[in-house]
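Notes for the one structure printed next.
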Amino acid sequence: MAAAAEDEQPVPGGGGGASSSWDKDLAEALDEGGCDLETLRNIIQGRCIPADQRAKVWKISLNVAGKVGSLGSWDGSLDLPEQTFIQEDCQRLIDRLSMPDEEKEQLLSDIESVITFYCKSRNVTYTQSLGWTDLLKPLVPLRMSRNDLYNCFYAIMNKYIPRDFVPRGRPFHLFRLLLQYHEPELCSFLDTKKITPDSYAISWGASLFAGCCTGDVAQLMWDVYLQQADPFLIFFLMLVILVNAKEIALSQEGECKEELIRSLENVPCNLETEDVEDLYSLALYYHARTPASFRKDNQNLFGSNLLGLRDDEMDLSQALCLPVSVSEILQANQPQGDGVRFFVVDCRPAEQYNAGHLSTAFHLDSDLMLQNPAEFALSVKSLLEAQKQSIESGSVASGEHLCFMGSGREEEDMYMNMVLAHFLQKNKEYVSIARGGFMALQQHLVDINVDGPENGYGHWIVSTSGSRGSISSSADGESPNGSGDGRGVKSLVNKMTFALKSKSVNVKEKVISFIENTSAPVERMTFHLPWPEKVNLDWHVSSSDRVGKPYRGVKPVFSIGDEEEYDTDEIDSSSMSDDDRKEMVNIQTWLNKPDIKHHFPCNEVKETGHMFPSHLMVTASHMYCLREIPSRKGFAYIQSRQALTSMVKITSKKKHPELITFKFGNSNVSPVEILAVERYLIPNAGDATKAIKQQIMKVLDALES
């Protein structure tokens with residue numbers, strides 16, 4: 001494992017070849033003020049942080065250096081109903097410290113104040129099982145001021161402790177899926193014993209291992225953790241520790257459940273300072289071999305993200321294996337893609353597969369598992385052989401990671417779930433499922449194809465039946481069901497090549513088209529978004545192009561729905577070109593431009609839950625989104641540029657009226673085509689939508705006149 005991790009980034013906290021002056025550079029940078037995390041990383045470069053500089057480094061890493069915080073305005077009342085429990089836990093922490101009694105007395109007061117004020121300000125009822133005193137254990141020896149101690153504690157709780165980190169909470173279901181993905185044998189063993197991650201790992205994550213490691217080890221681990229600044233790293237550290245205990249766990253098969261849980265819970269207690277570098281190297285190793293969807297789909301586990309309040313999340317406790325987004329599948333298996341690569345297995349019935357499928361997918365008819373077990377076994381053998389050969393040949397369809405794709409309809413996917421269970425029972429690692437199945441793939445391809453066929457996505461879906469998009473089975477010497485007979489890799493490559501070359505007359509005359517009718521059995525290719533040969537798309541029109549011409553006599557469909565819920569499955573991207581996305585501008589210079597009529601500071605909200613500090617700026621004809629660049633204060637990227645005449649609807653969430661959704665589209669057709677959706681968290685949302693609406697009306701009036 002350690003050898004496999006050699007190609008990863010250097011791990012902060014390792015030994016490293018030290019320059020004699022780097023610690024002096026660090027001290028100077030910290031004393032001068034204005035030092036940021038990136039500067040610290042460049043100076044430290046994986047070396048051990050000097051003990052006398054640790055407090056300053058941690059405060060910068062947590063972005064609390066110099067912050068006053070809200071503790072100063074508190075009246076200091078220690079009067080919670082559970083105050084006795086708080087005092088007892090704080091006293092136990094202080095009793096374990098080696099320092100003069102007078103210092104202990106002050107620290108006791110500080111710690112109790114920090115916990116009490118946090119409970120009051122966050123409306124949390126304190127219980128001893130929360131483990132907050134363990135989380136404070138690495139901070140207390142740094143002798144910070146009470147204000148700094150609270151700010152650091154608050155920042156760690158907010159950024160690094162997952163939401164719902166309680167028994168049977170969502171983070172533990174997610175961790176089990178991660179364990180199953182990398183170590184299915186160990187996961188299956190623990191499942192058989194009915195040992196869930198929350199029974200042994202709750203103290204690991206709740207204290208970032210401070211509650212189960214020695215003080216020296218905990219501080220060294222936090223040195224690395226805070227410099228990495230990755231909240232999801234906790235899952236991979238937990239994974240490495242559990243995998244390291246695999247042999248011990250499997251050897252205790254005859255032990256009772258409670259004894260095995262205690263054994264697992266105490267594994268981190270054996271860590272020593274020299275183990276920390278290897279621990280993080282292996283964590284990065286596993287991280288690099290985990291689908292990005294693991295992180296992107298679970299961003300709302302951390303921080304005060306607004307979208308974390310949604311209650312419609314997938315129930316991970318019922319997930320058969322790790323779900324992966326269809327967008328990641330497409331991106332990962334492009335020739336220039338990096339990271340995890342997937343060998344996609346389409347488990348739909350043959351007639352659906354033949355009607356249309358992902359061009360790189362291997363077909364495994366899940367119905368065969370019950371109808372013809374012998375043929376199913378042969379197909380599985382062919383699948384694994386095809387996967388092996390595709391990896392050896394470097395095929396675009398290759399991938400170590402198996403991703404199973406169904407139709408996306410629960411009843412139809414019942415047999416696919418049985419196939420998945422079959423692979424998991426065989427302890428096959430790297431097994432995932434395409435979230436939403438083929439229906440989600442269809443919708444995603446429609447969404448990203450807003451610019452017509454030129455973007456190169458037309459080859460993704462191919463058909464092996466019917467007149468449109470058909471691929472002759474004799475062209476690649478493969479049977480119609482696509483399962484192959486050991487020549488799967490060759491046929492896949494040929495199939496893809498053929499698909500890329502078979503730009504039919506229909507495609508040239510119209511544009512790329514995708515399957516629309518996903519509710520009925522797939523027997524033929526039907527089409528969506530019939531783009532004409534000449535499309536007047538208005539959002540790239542400059543102010544000098546007189547945007548009114550394409551809309552002469554046609555008033556865009558525009559409405560403001562203050563109470564309307566937005567559809568999270570719609571397009572969530574701007575219509576900018578790559579060059580425009582990369583354009584960097586000075587924010588103040590833009591604010592001073594005479595054509596900027598309105599400016600609204602906001603946060604751009606992506607479908608994944610990511611939020612980016614941004615600025616909406618409105619001119620006479622366009623709305624711009626400038627996304628701030630964290631590493632360059634005062635500068636931003638032009639993230640989006642939309643013509644006001646292309647805005648067809650503004651909606652807001654019932655529960656969160658400050659979360660505004662702008663929909664842009666083509667109003668020349670009926671019904672209106674939604675081509676892009678952008679969402680922003682705007683503090684003064686009412687003023688913003690009113691100003692934008694008024695500006696749109698001015699544009700429309702000008703066009704009509």
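Quick caveat: nothing in here was measured; it's all calculated off a predicted structure.
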Fill in: Criterion side-chain contact (heavy atoms from CB on, under 4.5 Å) on E328 and K296, from CA distance to verdict
CA-CA 10 Å; E328 180 178 3; K296 291 181 179 178; over 6 Å; no
Worksheet item: With distance as the sole test, does D148 use its side chain to make a donor-acceptor pair with the main-chain N or O of M144 at under 3.5 Å?
Response: no
Worksheet item: Looking at NE2 of H173 and CG of L178, how far apart are the two atoms once the value is rounded to the nearest 0.5 Å?
Response: 15.0 Å
Worksheet item: Any chance the side chains of Q227 and D223 put a donor and an acceptor closer than 3.5 Å?
Response: no
Worksheet item: Are any of the side-chain heavy atoms of L208 and L135 separated by less than 4.5 Å?
Response: yes
Worksheet item: How about E628 and H615: do any of their side-chain heavy atoms sit closer than 4.5 Å?
Response: yes
Item to complete: Report the C-alpha separation of F165 and F172 in whole Å, then their side-chain angles, then the decisive distance to 0.1 Å, and conclude whether the ring-ring contact (aromatic ring centres under 6.0 Å, His included) test is met.
Response: CA-CA 7 Å; F165 207 75; F172 295 107; 4.5 Å; yes
Worksheet item: Taking atom CG of L233 and atom CE of M238, what is their separation to the nearest 0.5 Å?
Response: 11.5 Å
Discussion item. Between R641 and Y624, is there a side-chain donor-acceptor contact under 3.5 Å, judged purely by atom types and distance?
Written reply: yes
Worksheet item: Can you find a heavy atom in the side chain of L616 that is under 4.5 Å from one in the side chain of I682?
Response: yes
Practice prompt. Decide if the gap between the ring center of F600 and the ring center of Y680 is smaller than 6.0 angstrom.
Written response: no
Fill in: Pairwise distance CD(Q45) to CG(L40) - rounded to 0.5 angstrom
12.0 Å
Discussion item. Can you confirm whether P171 sits close enough to D164 that some side-chain heavy atom of one is under 4.5 Å from a side-chain heavy atom of the other?
Written reply: yes
Worksheet item: Tell me, do I433 and M405 make a side-chain contact under 4.5 Å, heavy atoms counted?
Response: no
Worksheet entry | Stepwise side-chain contact (heavy atoms from CB on, under 4.5 Å) test for N151 and L71 | CA-CA 8 Å; N151 287 342; L71 186 64; 6.0 Å; no
Worksheet entry | Positive for ring pair (Phe, Tyr, Trp, His ring centres under 6.0 Å) with F294, one of F236, F175, Y181 | F236
Practice prompt. To the nearest 0.5 Å, tell me how far M617 CE sits from K597 NZ.
Written response: 15.0 Å
Worksheet, complete the sentence: CD (E678) and OG (S640) are apart, to the nearest 0.5 Å, by 3.0 Å
Item to complete: Compare all side-chain heavy atoms of L237 with those of Y280 and state whether any distance is below 4.5 angstrom.
Response: yes
Worksheet entry | Separation of H401 NE2 from I329 CD1 (nearest 0.5 Å) | 12.5 Å
Worksheet entry | Distance-only side-chain donor-acceptor flag, D36 / T39, under 3.5 Å | yes
Discussion item. Is the distance between the ring centroids of Y150 and F117 under 6.0 Å?
Written reply: yes
Discussion item. Please find the pair of heavy atoms, one from W222 and one from I156, that lie closest to each other, and give the distance.
Written reply: CZ3-CD1, 3.5 Å
Practice prompt. Check whether any side-chain heavy atom of L675 sits under 4.5 Å from a side-chain heavy atom of K663, and report yes or no.
Written response: no
Item to complete: Applying side-chain hydrogen bond (donor to acceptor under 3.5 Å, both in side chains), run through T290 and H182 and close with a yes or a no.
Response: CA-CA 8 Å; T290 301; H182 292 282; 2.8 Å; yes
Discussion item. Any heavy-atom pair between the side chains of R163 and R170 that's under 4.5 Å?
Written reply: no
Worksheet entry | Worked check of side-chain contact (heavy atoms from CB on, under 4.5 Å) between C625 and E604 | CA-CA 8 Å; C625 173; E604 182 188 9; 4.3 Å; yes
Worksheet item: Given S621 and L644, is the side-chain contact (heavy atoms from CB on, under 4.5 Å) satisfied, shown in steps?
Response: CA-CA 6 Å; S621 58; L644 294 177; 5.6 Å; no
Worksheet item: Does R627 make a cation-pi contact with F612 (under 6.0 Å, within 45 degrees of the axis)?
Response: yes
Item to complete: Report yes or no: do Q695 and H598 form a side-chain donor-acceptor pair below 3.5 Å?
Response: no
Worksheet item: Does the side chain of R289 pick up a donor-acceptor pair with the side chain of Y430 at under 3.5 Å?
Response: no
Discussion item. Tell me if the NZ atom of K633 is crowded by more than 12 foreign heavy atoms within 6.0 Å.
Written reply: no
